[in-house]
Structures are given as structure tokens and as C-alpha cells.
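When reading the values below, keep in mind they use all heavy atoms of this one structure, side chains included, and skip hydrogens, waters and symmetry mates. Every chain is numbered from 1, with letters handed out A, B, ... down the list of sequences.
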Amino acid sequence: MYDPQALQAKWLPRWEESNPFAAVEDAADTRPRKYMLDMFPYPSGDLHMGHGEVFAIGDVVARYWFQKGYNVLHPIGWDSFGLPAENAAIKRNAHPAEWTYANIETQANSFKRYAISFDWSRRLHTSDPEYYHWNQWLFTRFYERGLAYRKGGLVNWCPQDQTVLANEQVVAGKCERCGADVVRRELTQWYFKITDYADRLLDDMARIQDGWPERILTMQRNWIGRSTGADVRFEIEGRDEPVTVYTTRPDTLYGATFFVVAADAPLAEEIVAPEQAEALAAYRAEVAKLSDIERLSTEKEKTGVFLGIHAVNPVSGERIPVWAADYVLSDYGHGAIMAVPAHDQRDLDFARKFGLPVKVVVHTGLADPGETGVATPGEGTLVNSGPLDGLTKAEAIGKIIEVLEERGTGRAAVNYRLRDWLLSRQRFWGTPIPIIHCVDCGEVPVPDDQLPVTLPDLRGADLKPKGVSPLAAATDWVNVSCPKCGGPAQRDTDTMDTFVDSSWYFLRYCDPDYTDGPFDVEKVRKWGPIDQYVGGVEHAVLHLLYARFFTKVLHDMGMVDFVEPFERLLNQGQVINHGKAMSKTLGNGVDLGQQIDNYGVDAVRLTMIFAGPPEDDIDWADVSPAASQKFLARAFRVMTEAGAASAPGTGFSGGDVELRKVTHRTIDEVTRLVDGHRFNVAVARMMELTSAARKAIDAGPGAADPAVREAAETLAVMLSLVAPYVAEEGWERLGHAPSVAKAGWPQADPALLVQESVTAVVQVAGKVRDRLEVSPDISEADLEALALESEKVRAYLDGAPRKVIVRAPKLVNIVP
RNA sequence: GCCCCCGUAGCCCAAUGGCAGAGGCAAGCCCCUUAAAAGGGCUGUGGUGUGGGUUCGAGUCCCACCGGGGGCACCA
């Protein structure tokens with residue numbers, strides 16, 4: 001009788017005794033190493049169905065590598081800083097740590113029951129001072145290298161969470177975490193200079209092209225948004241310094257009929273003519289009222305205000321009016337543009353709204369944009385452009401850059417959509433920024449020997465968001481003496497974005513108790529980079545971009561010898577229910593613990609794996625854990641009956657050849673399928689092997705045949721990747737000592753893979769007319785001859801065929 | 001609006017350009033059983049969203065369209 005709960009009760013305590021999946025650091029261990037990593041969980045209560053899927057998938061890979069004899073590092077930890085803990089603490093008048101660490105314990109126990117092959121000795125929590133110490137250490141190193149800096153400017157502010165956000169954390173104008181509408185605020189904040197690494201983040205994608213899903217790379221490419229063009233300097237009448245604009249279409253310079261400055265840029269206020277100052281102020285006030293969503297809407301009518309002054313086209317000498325508008329962004333390029341309405345739709349919309357001239361400078365063969373209202377941004381021949389006339393777009397771009405450089409009024413330029421990573425947060429449950437502000441010395445990093453700067457003991461109402469960090473209220477903590485001059489000074493009261501924590505945690509797993517630095521450089525050299533990373537697609541431009549950035553900086557610091565942290569990435573799908581994401585409001589949630597109680601760990605894991613390709617969503621309404629349980633019971637009976645009928649250790653060579661062939665074909669296929677991450681198909685093959693063994697027991701050579709034992713043992717080992725409990729019990733019933741997880745991956749015997757005969761299909765004009773049993777190594781000529789002799793085939797032929805295509809040994813197609 | 005991915009049986013899903021069906025769910029039938037459950041077995045006419053094309057041969061490659069999902073979307 002297959003009783004999953006009894007198997008769990010039996011085996012879980014035994015596995016817990018020995019940390020069986022510990023990675024081996026011993027230098028004498030020469031086995032090749034593999035590093036398998038699942039994105040670490042946030043401890044928001046117990047594990048849910050999504051965890052159930054991602055960790056089941058990752059565990060197939062890890063357990064497969066264990067079976068193959070690799071020295072495998074498969075660690076687990078918790079991403080345990082973050083807002084939910086803080087909100088829970090406010091609600092319960094408690095400390096965020098209480099909620100956090102209680103949830104971590106719950107999840108850890110659930111992971112153990114779920115039988116994921118972690119090395120439990122490497123567990124880490126990012127909210128431990130022993131961990132965030134090194135966030136601070138790394139911050140200081142970044143600061144020293146000019147990669148962490150503070151600046152004022154417009155930032156994204158989430159009114160719900162009462163903190164600023166990085167650009168990556170604003171999705172369609174809403175807070176990525178809570179969904180509130182994000183507003184813009186003028187604030188001084190800390191940034192990481194990720195833009196310095198924009199080119200490398202783009203160019204190094206070539207190294208991981210084959211291991212990452214294409215769409216993630218595309219999303220990162222779009223996010224970084226590299227474009228090439230030129231910087232062009234325009235004189236502004238009445239201003240000493242020229243103003244530079246960035247354009248991707250310098251070839252259209254002669255078509256610039258007006259000039260636009262971002263309404264919120266300081267430049268607009270500076271250059272506005274006195275008689276237009278009031279109009280500008282009114283316009284700016286109006287723009288400031290708009291939410292990001294409204295401002296970014298492409299449907300929105302163009303708005304703007306004339307600044308009462310003119311700019312001078314550096315090549316044509318033409319005077320063009322200067323406007324301020326909100327369709328020009330202050331933080332991209334130089335916050336100002338030359339407007340070429342004929343060849344840019346946005347400029348054209350603006351020109352038509354305000355009656356500005358439209359001048360065609362690229363002849364594209366399309367109707368005049370000034371009349372149609374449709375800009376012509378495509379290829380063409382330059383006209384009305386002095387020295388550029390007659391050139392193609394590409395030629396003109398090259399030529400005009402030459403001209404601009406000669407005259408000293410411009411040059412080729414590259415621009416990025418990527419902005420620096422805003423890392424400070426006005427919240428409590430995170431890593432304090434290790435900076436002290438001194439009136440005399442300015443920003444002073446906390447000396448390394450005074451790290452970590454630990455969080456003060458705040459709880460409950462102290463943590464209520466009030467727009468500034470709760471740390472500011474802890475005056476005893478804030479007021480310190482300056483490390484440089486000893487004078488009175490204050491600690492920085494912001495904490496770090498929790499994405500800092502997750503940007504390097506995979507390095508610390510190599511030695512989570514290391515005290516001489518964030519990670520043991522030597523051990524990372526041995527384990528890194530990660531061979532397989534598994535996690536959700538939601539981190540495409542968040543965690544995955546930041547971790548790549550950190551790795552490159554650490555590489556430049558000489559601390560890691562690779563430039564990409566994750567060689568292969570697998571994005572699992574979501575677990576949904578009845579076509580929709582599970583949610584409280586829909587009431588369609590499925591509880592992982594409940595599923596396990598009902599069907600057992602093995603059946604739940606098997607259901608996750610068998611449902612479909614790992615990157616596809618699983619609709620829980622479409623799959624059947626009960627059926628999985630049934631299959632496991634079937635497999636269990638085969639293992640039990642084989643175990644009872646024969647003893648381990650006897651040779652298989654005398655066993656039933658037909659069953660042996662099935663077994664070895666299964667080994668061959670499952671090996672390839674697991675290598676290719678085709679786990680659902682691999683399970684189907686295991687099901688077939690189970691059926692073949694069942695048949696052999698009931699209606700073939702019987703349970704005592706060595707081939708039955710071979711099939712059952714093979715099944716136990718393969719099943720251990722997905723259903724560790726039943727595999728372990730089956731292995732024991734087959735007379736082996738635990739653990740099946742280390743039994744070793746079976747090898748297919750090539751002699752048993754060859755077929756004595758195969759069925760060759762003979763087609764006439766593409767239709768199957770006969771089948772021939774032939775040797776698998778039949779020659780093309782022999783097969784063709786055989787096919788042409790066939791009576792069935794000849795019935796469809798009159799005279800000699802026009803053409804015969806032979807694909808020995810499987811197919812002949814005769815064209816009459 | 002632009003870009004990417006996916007449409008195979010009632011459902012989930014297989015199928016190096018070569019017989020459309022491996023596996024599972026559901027359904028139906030049979031065996032076992034006093035009966036039921038459990039167990040064992042059997043049953044696949046949808047021609048691969050639609051229309052073209054390439055090819056001896058297309059689910060697979062190309063084009064267009066339809067449907068679903070995702071990404072980007074005033075970034076000059």
C-alpha cells in the first residue's frame with residue numbers, strides 16, 4: 001500500500017540527521033563542481049504554490065547533478081529585509097524581526113518536508129547583521145570608486161509605501177510592490193552609477209545568449225535603451241553658453257524649425273524671456289500636477305509654452321523659436337531637443353498644435369507631413385540641406401557629424417534610457433547606509449572597523465511611515481561624532497533598497513560564515529559562476545540586472561574572476577487556477593500545504609513537473625495531483641514486487657531482453673530530456689517504463705526476472721529527481737541501503753539501444769502505401785529496391801517513377 | 001502603434017522537414033470482485049487557428065490574417 005504520509009514520516013527524520021546534500025569543500029575532492037541556485041524566497045508567511053513549482057524544478061536539476069556524481073552546491077537562504085515585515089510590525093506593535101524570523105522558520109520546515117536537496121549548513125538571512133555588514137562594506141567600496149553618490153533631482157515617490165523607488169521599481173507609472181500611483185518629487189538621494197556599466201551590461205549579453213531566455217535579454221536590452229546619434233550645440237540668443245541637444249537624426253538638422261526645452265528643467269526658467277516668465281510658471285505648475293500615467297500617455301495632446309527667445313541653427317544659421325514642453329524629458333539626453341516636425345511624429349504633433357513651420361529635408365516619396373499630419377521618419381534622399389543634399393540618411397549622418405566636429409559645434413554621441421539606480425529608501429527594515437554627515441567634513445563613510453552599523457531597536461508605532469526614514473527619530477542612534485574630525489555629526493537615516501541584498505547573495509553562499517569580507521574569494525573562484533539559476537520572470541530588469549551590475553563591479557575590484565553571474569537561467573511559469581492568478585479577492589487560492597496533506601509531497605512535486613514545459617504556466621484546474629498519486633502508487637508496487645522477488649546485486653544480463661531494451665531506451669531518452677530541461681516528457685518516459693515493468697510482471701517473464709529488477713531500480717533512481725520519498729522507500733524495498741539520491745545515474749548500454757529491425761514506410765506521392773520490416777542499417781539502394789518490389793506499391797505505379805527519395809531506414813517516397 | 005512567443009483530440013500536452021499521438025486527465029467498454037472501491041486491460045476520424053507559398057514531403061520553414069499571452073511605447 002502506498003501511503004505518502006507514512007513515507008514522509010519515516011524518511012524525513014532520517015534525512016534531517018545528516019544534511020545529505022552538503023557541498024564538499026575538500027580540495028582532495030576532485031569531482032567537477034556544479035552550482036545550482038533558486039532565487040531565494042521572501043519570508044511572507046508559508047511557502048505557496050509558486051514556491052512549490054520553482055523549487056520542484058530546481059530540485060530536478062540539482063538532484064540530477066547529484067546522481068551524475070558532481071560536487072553540487074545547492075544552497076538556500078532568505079531575502080528577509082523588506083516592507084511587509086515592517087507593516088506587520090506596525091500592525092502588531094512588534095519588531096519586524098519577530099515576524100520575519102518566525103516566517104523563515106515556517107518556510108524552512110516546509111522546505112524540509114518538501115524534500116528540496118539543499119545544503120542546510122549554508123543558510124543565510126539578509127537581515128542578519130552578519131550579512132548586511134557586508135552590504136555596508138560593499139557600499140563603501142562603491143563610494144570610494146565613485147559608484148555610489150548622492151544627488152538631488154526629481155525622483156519617483158510611492159505615497160503608499162512612503163518611500164522613493166528606483167526606475168526599475170515603477171511599472172507603468174505604478175509602484176511595482178504595492179500598485180499605488182507613483183508621483184515625482186524633488187529629493188536628494190543615493191544612487192549607484194549603473195549607467196557607467198551600460199555598455200558592458202549590453203555587450204556581455206553575448207556571453208549568456210545561449211543560456212538565458214531570449215525575452216529576458218530583450219527586456220534588458222530595451223531597458224538599457226542604447227541609441228547612437230549626435231550632440232549638437234545651439235546658440236541661444238541672450239545666453240553666453242550654447243545649449244547642447246542629443247539627436248538620433250543629425251541628418252535632419254536643416255529641418256529643425258523649433259527648439260524645445262523640458263518644462264521641468266532648470267534651463268527653461270533660466271532662459272525664458274521676462275514677458276513669458278509668468279506663462280512658463282503657470283505651465284510648470286500645471287505639468288507638476290499631472291501623474292506619471294497622465295504625463296506618459298501617448299494619447300495626450302501636446303502642450304507647451306513659447307519662451308520668447310530664439311535659438312540659432314549651427315549649420316543653417318536660421319533663427320528658430322524656443323519652447324518649453326512636457327513631452328521632452330529633463331533627465332534624458334540634455335533635457336532639450338531640436339524639433340524636426342517633418343520627420344518626427346511627436347514634433348509634428350506639436351508643430352500642428354502651435355502653428356509652427358514644417359520643413360521637409362528627407363525626400364521619402366511619401367506625402368508632405370505638413371499636409372497629412374503623418375511624419376516621415378524613414379529612409380530617403382536629403383533635400384534642402386546644403387551640403388547634405390542628395391545623400392542617403394546613413395551618408396548624411398556621417399557627413400553632418402564630420403561638419404559639426406570640424407566647426408566644433410557637435411560630435412557623435414551615444415545615449416541610454418537606463419538611469420542610475422536610486423538605492424536609498426525612507427524605511428526601517430533594511431541596511432542602514434554607512435555614511436555620517438558632518439557639518440565640516442561633509443559625507444564621511446563609516447570606517448570599515450566600525451561596521452556593521454546595526455539598526456536601532458525600533459518597533460510598532462515607531463515604524464509608522466512619515467515621509468522620512470523612521471531611523472531619523474532614533475536620536476541616540478543618529479547623533480554620533482564624525483569619524484574624521486570628531487565633531488558632532490549625524491548618521492544617514494536612509495536604508496538600502498533590498499535589491500542590494502540580492503545582488504551578491506549567491507557569492508556569500510560559498511561561505512556564509514566568512515568574516516574577512518563579503519565572501520571568500522577563493523571559494524567563489526571554485527564554485528562560480530552559477531551553472532543554473534531558476535526563478536521568476538518578474539525580475540527581468542530588477543534583480544537580474546542589478547546582480548549583473550554588481551558582478552561586473554566586483555570583477556573590476558578583482559574579487560570575482562567572471563563577469564556574468566548566471567550562465568544559464570530558467571524562468572518557470574506561474575501556478576494559476578481556472579485561468580487566473582490566485583488571489584484573495586478572487587478566492588481561487590490553492591494552499592500548498594493543503595495539497596501536500598491531501599496527496600503527499602511526491603505527488604504535488606510530480607504534478608508540478610509533469611504539467612508541461614517548466615516555463616509554461618500551470619493551471620491547477622487542468623492538472624491532477626490525484627492522478628500523480630496514482631502513478632506513484634503504481635511505480636511503488638512495481639518496485640515493491642520486484643524487491644520481494646529477487647535480491648540486489650545479481651547481474652541483469654540474463655534478464656528478459658525486450659524489457660531490458662525498454663529500460664535502456666528510457667535511460668537514454670530521460671538523460672537527454674533532463675539535460676534539455678524537458679522534464680514533463682522525462683516523466684512520461686518514466687510512466688512508460690513503469691507500464692512495461694508492470695506488464696513484464698503480470699504477463700511476461702514475471703517479477704523475479706532480473707530485467708524487472710533492472711527496470712525497477714532504474715525507475716527508483718529516475719523517480720528520485722521528482723518524488724524523493726517513494727523513490728527512497730522503493731530503493732529500500734529493492735534491498736538497497738539509503739540513499740537512492742546518491743545511487744548514481746544509470747547508463748544506457750549501447751548494445752541494448754540497437755533495434756533488430758525497424759519499420760520503413762513506403763509512400764507513393766506522399767501517401768503511405770506499404771510498410772517494410774528492415775534492418776536499421778539497410779543501405780539506401782537496398783531499401784529503394786525493396787520498396788519498388790512491393791506489390792502494394794506497384795499497384796499505385798504505372799511505369800517507372802519520376803523520382804524516389806530514400807531516407808534509410810525509415811522512409812521511401814516515390815513520386816510517380 | 002511597434003516587437004517577441006504561442007495556437008495539435010473535450011482538457012493538459014508529445015512529435016531531428018518524413019506514418020499526426022509518446023504520456024496524462026476526462027469519457028466509454030472489458031477483466032477481477034457477491035457488490036463497490038482499489039487494481040489490471042482495451043478504446044483516439046482532430047488532420048495540427050485561417051488562407052497562401054516553398055518542398056518529393058510542412059504541425060514543423062516563409063508570407064498574410066485571426067485568436068491568446070508577454071514586452072516596449074512621448075527616451076529625441
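Cation-pi geometry between Lys302(A) and Tyr327(A) is met: the NZ or CZ atom falls under 6.0 Å from the ring centre, inside 45° of the normal.
Applying the side-chain hydrogen bond (donor to acceptor under 3.5 Å, both in side chains) test to Asp675(A) and every residue at least two apart in sequence or in another chain returns Tyr64(A). Looking at residues two or more places apart in sequence or on another chain, you find a side-chain hydrogen bond (donor to acceptor under 3.5 Å, both in side chains) between Asp331(A) and Arg419(A). Residues forming a side-chain hydrogen bond (donor to acceptor under 3.5 Å, both in side chains) with Gln763(A) (at least two apart in sequence, or on another chain): none.
For C25(B) and C13(B), the P atoms lie 15 Å apart once the distance is rounded to whole Å. For the C1' atoms, the distance linking G39(B) with C32(B) amounts to 8 Å, nearest Å. Using P as the reference atom, C5(B) and U45(B) are 33 Å apart when rounded to the nearest Å. Comparing A27(B) with A38(B), their P atoms sit 12 Å apart, to the nearest whole Å. The gap from the C1' atom of A22(B) to that of A9(B) amounts to 14 Å, rounded to the nearest Å. A gap of 26 Å separates the C1' atoms of G47(B) and G69(B), to the nearest Å. One C1' atom belongs to U8(B), the other to G44(B), and the distance between them is 13 Å to the nearest Å. On the C1' atoms, G52(B) is 32 Å away from C12(B), given to the nearest whole Å.
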Got a list of protein N/O to nucleotides 55-57 of chain B N/O distances below 3.5 Å?
{"from": "C56(B)", "atom 1": "OP1", "to": "Lys803(A)", "atom 2": "NZ", "distance (Å)": "3.4"}
{"from": "C56(B)", "atom 1": "O2", "to": "Asn813(A)", "atom 2": "ND2", "distance (Å)": "2.4"}

Dump the pairs, protein N or O against N or O of nucleotides 15-17 of chain B, anything under 3.5 Å, distances to one decimal.
{"from": "A15(B)", "atom 1": "OP1", "to": "Arg678(A)", "atom 2": "NH1", "distance (Å)": "3.1"}
{"from": "A15(B)", "atom 1": "OP1", "to": "Arg678(A)", "atom 2": "NH2", "distance (Å)": "2.4"}

Identify each atom pair where a protein N or O and an N or O of nucleotides 36-43 of chain B are less than 3.5 Å apart, giving names and distance.
{"from": "G39(B)", "atom 1": "O3'", "to": "Arg637(A)", "atom 2": "NH2", "distance (Å)": "2.8"}
{"from": "G40(B)", "atom 1": "OP1", "to": "Arg634(A)", "atom 2": "NH1", "distance (Å)": "3.0"}
{"from": "G40(B)", "atom 1": "OP1", "to": "Arg637(A)", "atom 2": "NH2", "distance (Å)": "2.9"}
{"from": "G41(B)", "atom 1": "OP2", "to": "Arg634(A)", "atom 2": "NH1", "distance (Å)": "3.2"}

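Taken from CG in Asn156(A) to CG in Asn167(A), the straight-line distance is 5.5 Å, to the nearest 0.5 Å. A distance of 6.0 Å separates CG in Asp619(A) from CG in Asn577(A), rounded to the nearest 0.5 Å. With rounding to the nearest 0.5 Å, the separation of OG1 in Thr252(A) from CG in Asp344(A) is 8.5 Å.
Note: CG (Asp616(A)) to C1' (U8(B)) measures 14 Å, nearest angstrom. The interatomic distance linking Ile397(A) (CD1) with A76(B) (P) rounds to 12 Å, in whole Å. Going from atom NZ of Lys580(A) over to atom P of G68(B) covers 14 Å, rounded to whole Å. Between Ile224(A) atom CD1 and C72(B) atom C1' there is a gap of 14 Å when expressed in whole angstrom units. Rounding to whole angstrom units, CZ of residue Arg417(A) and P of G71(B) are separated by 13 Å. Separating the CE atom of Met687(A) from the P atom of C12(B) is a distance of 17 Å, rounded to the nearest angstrom. Following rounding to the nearest Å, Glu214(A) (CD) and C6(B) (P) show an atom-to-atom distance of 12 Å. Regarding Phe631(A), its CZ atom lies at a distance of 22 Å from the P atom of C12(B), rounded to whole Å.
Counting non-hydrogen atoms under 4.0 angstrom, Asn415(A) reaches nothing in the nucleic acid. Arg419(A) comes within contact range of at least one nucleobase, with a heavy-atom separation under 4.0 Å. Residue contacts shown for Phe610(A) include a base, since a base heavy atom lies under 4.0 Å away. Using a 4.0 Å heavy-atom criterion, one finds that Thr218(A) contacts no nucleic acid atom at all. When heavy atoms are screened at a 4.0 angstrom cut-off, Val768(A) is found touching the sugar-phosphate backbone but no base atom.
Aromatic ring centroids of Phe354(A) and Trp323(A) lie under 6.0 Å apart. Proximity of the aromatic rings of Phe610(A) and Phe631(A) is defined here by a centroid distance below 6.0 angstrom, and this criterion is not met.
When both pairing distances are held under 3.5 Å, G47(B) makes no Watson-Crick or G-U pair with any nucleotide shown. Base pairing annotation: C25(B) forms a Watson-Crick or G-U wobble pair with G10(B), both donor-acceptor distances under 3.5 Å. Pairing partner, G1(B): C72(B), with both Watson-Crick or wobble hydrogen-bond distances short of 3.5 Å.
Ring geometry for His539(A) versus His543(A): interplanar angle over 60°, hence perpendicular rather than tilted (30 to 60°).
Here the side chain of Arg769(A) pairs no donor or acceptor atom with the backbone of Ala795(A) at under 3.5 angstrom. Put simply, the side chain of Thr257(A) gets close to the backbone of Pro357(A): a donor and an acceptor are under 3.5 Å apart. Listed for the Lys393(A) side chain is no donor-acceptor partner under 3.5 Å among the backbone atoms of Gly378(A).
Taking 90° from 0 as the syn/anti boundary, the base of G69(B) is oriented anti.
Position along RNA chain B of the nearest nucleotide to Tyr327(A) versus Asn680(A) favours Asn680(A) as the more 5'-ward residue. Residues Ala336(A) and Met219(A) both approach RNA chain B. Their nearest nucleotides, taken by heavy-atom distance, put Met219(A) toward the 5′ side.
Relative to the side chain of Asp622(A), the nucleotides A76(B), A73(B), C12(B) differ in distance, and C12(B) lies closest.
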Does the pair Arg672(A) and Glu669(A) meet the rule for a salt bridge (charged side-chain N to carboxylate O under 4.0 Å, His left out), with working shown? CA-CA 5 Å; Arg672(A) 281 206 302 266; Glu669(A) 287 185 29; 5.7 Å; no
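When the side-chain nitrogen and oxygen atoms of Ser227(A) are compared with OP1 and OP2 of A76(B), one or more of them lie within a distance under 4.0 Å.
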